[in-house]
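Numbers here are sequence positions counted from 1. None of these values were measured; they are calculated from a predicted model.
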Amino acid sequence: MRFENDNGALVCYHNGETVRIEAWGKDSLRVRAAVGASFTGKRWALTEEVSQCDTKVIVEEEDHWVGDGTVDKKEIATIINGRIRAVVNFAGILSFYKDDRLILREYFRFYDGTISRESRCLKLLGREWKGIIGGSEYSLNVKFESNHGEKIFGMGQYQQDCMDLKGCVLELAQRNSQISVPFAVSSMGYGFLWNNPAVGRVTFGRNYYEWIARATKEMDYWITAADTPKEILANYTEATGRAEMFPEDLMGLWQCKLRYRTQEEVLSVARKYREEGIQIDQIVIDFFHWTLQGDWKFDEKYWPDPKAMVDELHEMGIKVIVSVWPSVDRKSENFGPMMEKGLLIRTERGAAQTYDYQGDCVEIDPFNPETRKYVWEVCKKNYYDYGIDAFWLDNSEPDYGVYDFENYRYCDGPALALSNIYPQMYSRVFYDEMSGPGKGSVVNLLRCAWAGSQKYGNVIWSGDVPSTFEAFADQIQCGLNMGLAGIPWWTTDIGGFMTDDVNDEDFRQLLIRWYQFAVYSPVLRMHGDRGPYNIPPLDERDWGGGYLHTGQPNELWSYGEENYAIMKKYYDLRISMHDYIRGLYEEAHENGSPLLRTMFYEFPDDAKCWELSDQYMFGEKYLVAPILHLHEFERDVYLPEGKWMLTSTGETYEGKQVVRVKAPIDYMPVFENI
């Protein structure tokens with residue numbers, strides 16, 4: 001093992017592998033490794049210029065007992081950046097300390113001719129590289145010792161009932177409703193970013209932690225140390241970027257359904273809301289308003305004058321967002337030119353097809369700057385120039401017909417090595433053109449994200465989830481873990497996406513409970529695919545804006561007078577919280593804090609708060625306890641230290657206790673921290 005101090009970075013050379021450890025922001029280190037080649041120079045999520053650090057690199061010798069009972073001298077190296085310290089031993093094993101406490105250590109079980117405590121005959125090392133035959137990438141397996149009693153959170157969005165990820169196996173891959181944002185927050189006071197967009201897997205096991213990249217050219221991770229989750233998020237977002245300030249005129253209600261089929265349908269809904277005295281901030285024009293996937297334009301038969309429509313909506317104070325998919329149908333007018341210019345995803349074998357919903361499609365390759373330019377120019381001409389305010393970038397994983405990642409290739413390399421950053425690159429097709437001095441904040445809606453997506457104007461929603469109470473409960477932990485992964489702009493389809501029968505009273509109860517939760521979330525957005533499908537299509541053609549089915553009405557008044565009254569009451573509550581919500585968005589912009597916060601985010605010293613997954617803080621003021629079961633009209637709520645007022649009655653309670661509160665259908669328990 002050979003060590004080198006390279007301008008304040010610790011570089012280690014061993015068995016053909018080069019490891020580079022360097023300060024990267026406050027109390028933080030970036031660790032990279034490569035075999036037989038130089039580093040790629042890719043920054044991936046670590047895009048921001050961080051503050052300069054006073055780093056110390058120390059190389060020294062320590063006594064080492066060898067097999068014959070004698071003492072040998074072995075070099076070890078240490079790099080210190082503020083409160084975090086990394087130590088590399090003579091065999092290249094990395095250990096990380098916060099102050100003097102060990103927080104993370106590479107896993108190793110091998111025999112090296114010594115009798116040290118760690119020696120084993122298993123021949124297991126913390127970093128394992130295996131060359132991929134026929135390619136320049138490696139598969140990479142990095143293991144760390146498991147910390148007993150540790151809790152792990154963040155990592156994006158996984159549809160499961162596990163809030164604490166210790167003991168979980170997570171696929172590092174993007175799918176509809178699954179979002180891999182590989183940043184973990186530990187209860188031991190550190191944050192860990194796997195700064196690698198490769199498809200793979202992470203296991204937070206009881207015996208060891210294991211990060212796997214199925215195809216990569218280098219190891220790259222970042223680790224930070226701090227006392228609280230809020231400080232960890234501040235360090236992380238300083239290095240990866242923070243959300244812009246969210247526009248005040250989008251903090252109210254967004255209206256959407258599957259799907260408004262005509263220009264007149266959109267205008268009639270907007271006019272009705274105005275008659276009802278309800279201001280909607282944005283109305284959404286969903287998919288198949290177009291002629292063909294990849295044409296990226298309105299079907300003139302049903303949308304004869306988009307500019308006039310947009311102008312009327314703007315006069316009502318309503319912004320307009322329109323759905324854009326990355327899929328290009330072979331029959332689209334853009335397919336031929338894009339295929340000829342190499343602007344679409346390539347398949348390694350078989351036919352050129354990546355997506356097959358309602359067409360034979362290949363999806364765009366946003367890693368190619370020419371692709372980004374081409375798609376933007378088409379969408380600018382057919383949407384943006386009409387005054388369309390924003391884009392709903394659906395299917396942004398992308399939603400492959402088959403998630404066979406080894407069969408797809410982008411211009412920058414194989415999908416196995418890059419696919420997790422696809423949604424971020426897709427969002428930049430639009431963000432890079434819509435942002436800039438004097439243009440204001442960009443707010444586009446996406447179904448997927450990766451580390452650092454928060455800085456590209458992305459509102460992320462949780463995908464096409466079922467309309468069930470079980471799925472609703474999952475969305476609570478999804479939103480909380482997304483916030484801990486640095487994504488503060490997050491939302492769901494109120495009531496879930498997939499509904500068989502809007503007349504089902506059980507569904508309507510679910511809808512109300514979901515809506516109540518959504519009022520205390522970053523974005524209040526009505527959406528869903530509402531059955532039954534008994535509305536005839538507008539057109540007998542098998543293409544264009546009129547042929548595909550639509551869902552049942554999904555406006556606030558669509559579910560009966562009693563439910564409308566409840567939703568109207570909660571709409572008024574949302575509007576009354578405008579200044580408070582604006583303050584939360586300011587925090588997200590200034591220090592990376594999510595709006596939707598775990599209990600331990602606000603009360604890190606309360607051990608009970610680290611156990612809770614069915615209640616949360618909306619900022620620092622409101623403790624929210626959603627109703628997560630059918631026919632549930634009361635529930636237990638844990639109150640941390642302090643004084644709490646129940647908003648339904650004004651009754652006050654002392655903290656550090658569990659209280660049981662009533663929750664009739666028109667009320668979700670909320671406590672105000674006073």
Item checked: Check: Y559 main-chain N/O paired with R508 side-chain donor or acceptor under 3.5 Å -> yes
Check: Residues two or more places apart in sequence or in another chain: which of them pass side-chain hydrogen bond (donor to acceptor under 3.5 Å, both in side chains) with D394?
Finding: R447
Next item on the list: Identify the residue among F497, W254, Y515 that makes a ring-ring contact (aromatic ring centres under 6.0 Å, His included) with H527.
Entry: F497
Note to self: Do R428 and W450 form a cation-pi contact, if we require the NZ or CZ to be under 6.0 Å from the six-membered ring centre and within 45 degrees of the ring's axis?
What the structure shows: no
Next item on the list: May I ask you to decide whether K569 forms a salt bridge with D572, counting only side-chain N to carboxylate O separations under 4.0 Å?
Entry: no
Notebook entry, point to check: Which residues pass the salt bridge (Lys or Arg N to Asp or Glu O under 4.0 Å) test with E106, sequence neighbours left out?
Noted result: R127
Checklist line | V202, I152, V142 screened by side chain to side chain contact (heavy atoms under 4.5 Å, CB included) with Y209, the one that passes | finding: I152
Next item on the list: May I ask you to say whether R175 pairs ionically with D399, meaning some side-chain N is under 4.0 Å from a carboxylate O?
Entry: no
Next item on the list: Tell me whether the guanidinium CZ or amine NZ of R85 lies under 6.0 angstrom from the six-membered ring centre of Y97 and within 45° of its axis.
Entry: yes
Margin query: Against the six-membered ring of F204, is K166 placed for a cation-pi contact (under 6.0 Å from the centre, within 45° of the normal)?
Written below: no
Next item on the list: Measure from NZ or CZ of K621 to the centre of the six-membered ring of Y580, then state whether that distance is under 6.0 Å and the direction lies within 45° of the axis.
Entry: yes
Next item on the list: Answer yes when D249 and K319 have at least one side-chain N-carboxylate O distance shorter than 4.0 Å, and no when they do not.
Entry: yes
Item checked: R574: salt bridge (Lys or Arg N to Asp or Glu O under 4.0 Å) partners, not counting sequence neighbours -> none
Item checked: Worked verdict on E150 versus Y190 for side-chain hydrogen bond (donor to acceptor under 3.5 Å, both in side chains) -> CA-CA 11 Å; E150 182 177 22; Y190 70 89; 2.7 Å; yes
Could you pull out all donor-acceptor pairs under 3.5 Å where a side-chain atom in residues 654-661 meets a protein atom, sequence neighbours excluded?
unit_1, atom_1, unit_2, atom_2, d
Q657, NE2, E654, O, 2.9
R660, NE, E634, OE2, 3.3
R660, NH1, D636, OD1, 2.9

Margin query: Using a strict threshold of under 4.0 Å (side-chain N to carboxylate O), is an ion pair present between R597 and E587?
Written below: yes
Next item on the list: Apply salt bridge (Lys or Arg N to Asp or Glu O under 4.0 Å) to D529 and list each qualifying residue two or more places apart in sequence or on a separate chain.
Entry: none
Next item on the list: Identify, with sequence neighbours excluded, every residue that meets salt bridge (Lys or Arg N to Asp or Glu O under 4.0 Å) alongside D164.
Entry: K151
Check: Would you say the side-chain atoms of N235 pair up with the backbone N or O of A226, donor to acceptor, closer than 3.5 Å?
Finding: no
Notebook entry, point to check: Donor-acceptor pair, Y667 side chain versus S648 backbone, under 3.5 Å?
Noted result: yes
Note to self: Between D286 and K257, does any NZ, NE, NH1 or NH2 come within less than 4.0 Å of an OD or OE carboxylate oxygen?
What the structure shows: no
Notebook entry, point to check: Do R201 and W211 meet the cation-pi criteria used here (NZ or CZ under 6.0 Å from the six-membered ring centre, within 45° of the axis)?
Noted result: no
